[in-house]
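Take a look at the structure set out below.
Any value given below was found using the heavy atoms of this structure, including those in side chains, with hydrogens, waters and symmetry copies removed.
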Amino acid sequence: MIRLKGLLFSLLLLTIFSCQEPVDYSDAITDGHYLSEAQDRITEVIIHDIFSPPVAARIYSYSSLAAYEVAAAVDPGYKSLMGQLNGSEAINIQVPKNIYPPLASLAAYYKMGTALIFSEEMVQNHKEKAFAELKEKGIPDDVFEASVKFGEEIADHIKAYSSKDNYHQSRSFPKYTVTGQPGTWEPTPPAYMEGIEPHWNKIRTFVIDSAAQFKVSPPPAYSTDPNSEFYQKAKEVYDAVVNASKEELDIAMFWDCNPYKMNVKGHVMFAEKKITPGGHWMSIAAIAAKTANADWKKTAEALAMTGISLHDAFVACWDEKYRSKLVRPETYINQFIDQEWVPYLQTPPFPEHTSGHSVASTSAAFTLTQIFGEDFHFVDSSEVNYGLPIREFDSFMEASAEAACSRFYGGIHYMPAINEGVWQGRKVGELIWSRISTKPENLAENK
């Protein structure tokens, strides 16, 4: 009798649960919130692991590309970038019917991002927390597993693509050798670090034909003559810092983004970890997507295209830096104008010409303008977590122009490096958008 009652109770429970309506999980992910949160964690790890600006851009680009490729696989309104990018092949994976695409996109981002950093556990913990939250929103187990599997398969293809960009080989290339020749770069105080990524021009680009495709005008001829153009450009930097307004110093600090800043107190030297220039612009891309109420697919598009623009910009910029090998203002000014002068910002450890901020910011701003439009007001809160206030802009190009000039206000670049960098970044951005497209109709026009 007891067994019969137990059997009847089990059948009753089965009937109750079988009659319940399936949970609607379609709104579990609608916008780019989860992708942006994942990117924020990648940024934290990039800062923690102290990746250089060019390497950071590489991490962002491949991670966001993996997320975007899921969007392109499930929505005919988006075109896959694989097959368009240099050295890439089209991804031919059948999309399972029982997947939740935005979850697959997130899974692809996490897997690709984790493959490119050192502190994997930091990303893994973040992923587990996000996935647990999504499971609570009612995504069935079979759908969840199929979605993650599909996203990770996409990430595997992007990982294979990334493995052939010459990055791993470049880790064993020789370090930069200081020549000591007049006018050439040498390490700067306080840490006197060696030149960062002297062989970055050997990294495969995504779109531009080569690192040297957009060669800039060379800097003024080196001279110590007070009447020379070079001396006057150095004096211009000196005067800018000495006479800087509070607004100019605020701008310099806001866009500092120096992951190598070292602080000295007495005999103790310690690092102050900061976001990279690329990380700042990837944050702006996420802010723009949120401001525009973009869905997860458009968010993935914005992150991927911004990452690609930053990556190629850094390759082009670093090619010029280690071709001209120009001395930094700090070194020149201390030797020939004022030995006690120090720049407002700490000079980063690589040659002067061109300005990385100018190239990368202009390229990224050009890309974001193509996606969100020219007159786009946004509040840049990228630096709030690092103790700095917000700044507001009415366009991406306005922000990039400010980022470029910030290096002059901070005393770490001559104006020619900034002006030529803006030109170089614009050329990189324009070429990217003339060669590839996320929209099938635009791709047909480009052909």
Side-chain angles (χ1 to χ4, degrees), residues 53-54 57 61 86 183 185 197 200-201 203 205-222 229-230 232-234 236-237 240 251-252 255 257 276-278 280-281 284-285 305-329 348 350-371 374 393 395-436:
S61 61
N86 294 339
W185 179 82
E197 299 295 344
W200 199 252
N201 63 348
I203 301 298
T205 59
F206 279 113
V207 181
I208 62 176
D209 297 332
S210 72
Q213 183 170 2
F214 297 114
K215 287 186 178 181
V216 301
S217 298
Y222 178 77
E229 183 181 3
F230 193 93
Q232 292 303 316
K233 292 300 180 185
E236 193 177 43
V237 178
I251 289 172
W255 294 100
C257 305
T276 65
H280 192 141
W281 278 97
I284 290 175
M305 292 299 290
T306 302
I308 288 168
S309 301
L310 288 166
H311 179 277
D312 277 15
F314 275 112
V315 173
C317 178
W318 251 243
D319 178 67
E320 177 57 38
K321 280 185 178 295
Y322 285 97
R323 178 178 24 257
S324 54
K325 305 184 182 102
L326 187 62
V327 63
R328 285 279 187 170
F350 32 80
E352 149 73 17
H353 196 78
T354 51
S355 157
H357 272 58
S358 302
V359 184
S361 296
T362 306
S363 180
F366 184 88
T367 280
L368 288 169
T369 300
Q370 309 313 301
I371 297 173
E374 291 186 7
F393 302 97
S395 72
F396 302 109
M397 298 311 295
E398 178 189 358
S400 70
E402 183 178 281
C405 283
S406 73
R407 314 310 276 168
F408 178 70
Y409 300 149
I412 58 176
H413 275 300
Y414 313 108
M415 279 305 298
I418 293 169
N419 293 333
E420 293 299 315
V422 169
W423 176 87
Q424 192 176 41
R426 178 84 183 197
K427 288 297 182 181
V428 170
E430 288 175 346
L431 185 73
I432 287 173
W433 282 88
S434 71
R435 289 275 182 86
I436 66 172

Sub-4.5 Å side-chain heavy-atom contact between F314 and P277:
yes
What closest approach, in Å, do V237 and P329 show between heavy atoms, and which atom pair accounts for it?
CG1-CB, 4.0 Å
Any R407 side-chain heavy atom under 4.5 Å of P348 side chain:
yes
Pair listing, salt bridge (charged side-chain N to carboxylate O under 4.0 Å, His left out) test, anchored in residues 408-427, at least two apart:
R426-E430
Sequence-distant partners of S61, side-chain hydrogen bond (donor to acceptor under 3.5 Å, both in side chains), two or more places apart:
none
What pairs with N86 under side-chain hydrogen bond (donor to acceptor under 3.5 Å, both in side chains), at least two apart in sequence or on another chain?
T205
For residues 308-319, the salt bridge (charged side-chain N to carboxylate O under 4.0 Å, His left out) pairs (sequence neighbours left out) are D319-R323
Any chance you could measure Q370, atom CD, to I432, atom CD1, to the nearest 0.5 Å?
10.5 Å
Contacts of F396 that satisfy ring pair (Phe, Tyr, Trp, His ring centres under 6.0 Å) - sequence neighbours left out
F376, F378
Carefully, step by step, assess Y414 and H353 under the rule side chain to side chain contact (heavy atoms under 4.5 Å, CB included).
CA-CA 8 Å; Y414 313 108; H353 196 78; over 6 Å; no
Side-chain contact, heavy-atom cut-off 4.5 Å: L368 with W281?
yes
For H357 against C257, the heavy-atom pair lying closest together:
NE2-CB, 3.9 Å
Using a 4.5 Å cut-off on heavy atoms from C-beta on, say whether the side chain of L326 contacts that of F230.
yes
Any side-chain heavy-atom pair of K325 and E352 under 4.5 Å:
no
Go through the structure and list residues passing side-chain hydrogen bond (donor to acceptor under 3.5 Å, both in side chains) with S324, not counting sequence neighbours.
E320
Mind jotting down which residue pairs meet the salt bridge (charged side-chain N to carboxylate O under 4.0 Å, His left out) criterion with at least one end in residues 396-406? Sequence neighbours excluded, please.
R391-E402
Contacts of P351 meeting side-chain contact (heavy atoms from CB on, under 4.5 Å) (sequence neighbours excluded), chain-then-number -> W185, K321, Y322
Which atom of A360 lies closest to which atom of A313, heavy atoms considered:
CA-CB, 3.8 Å
Find out whether E236 and F408 are in side-chain contact, i.e. whether some heavy atom of one side chain is under 4.5 Å from a heavy atom of the other.
yes
Reported OG-to-CG distance for the pair S309 and L431, which is rounded to 0.5 angstrom
10.5 Å
Smallest separation among heavy atoms of S358 and A404, with atom names:
OG-CB, 3.4 Å
Quick one: OG1 on T306 to CD1 on I284, what's the gap to the nearest 0.5 Å?
9.5 Å
Within-4.5 Å side-chain heavy-atom neighbours: W318 and V359
no
What side-chain donor-acceptor pairs closer than 3.5 Å can you find for residues 212-219, not counting sequence neighbours?
| residue | atom | partner | partner atom | Å |
| --- | --- | --- | --- | --- |
| Q213 | OE1 | D209 | N | 2.6 |
| Q213 | NE2 | D209 | OD2 | 3.1 |

For F206, all residues meeting ring pair (Phe, Tyr, Trp, His ring centres under 6.0 Å), sequence neighbours excluded
Y62, H311
Grab the two heavy atoms, one from V428 and one from A316, that are nearest each other, plus how far apart they are.
CG2-CB, 4.2 Å
With sequence neighbours left out, write down each residue that passes ring pair (Phe, Tyr, Trp, His ring centres under 6.0 Å) with H280, or none if nothing qualifies.
F254, W255
Straight-line distance of C405 SG to H413 NE2, nearest 0.5 Å
12.0 Å
Can you list everything that forms a side-chain hydrogen bond (donor to acceptor under 3.5 Å, both in side chains) with S363? Sequence neighbours excluded, please.
none
So, for A417 and T354, which heavy atoms are closest and what is the spacing to 0.1 Å?
O-CB, 3.7 Å
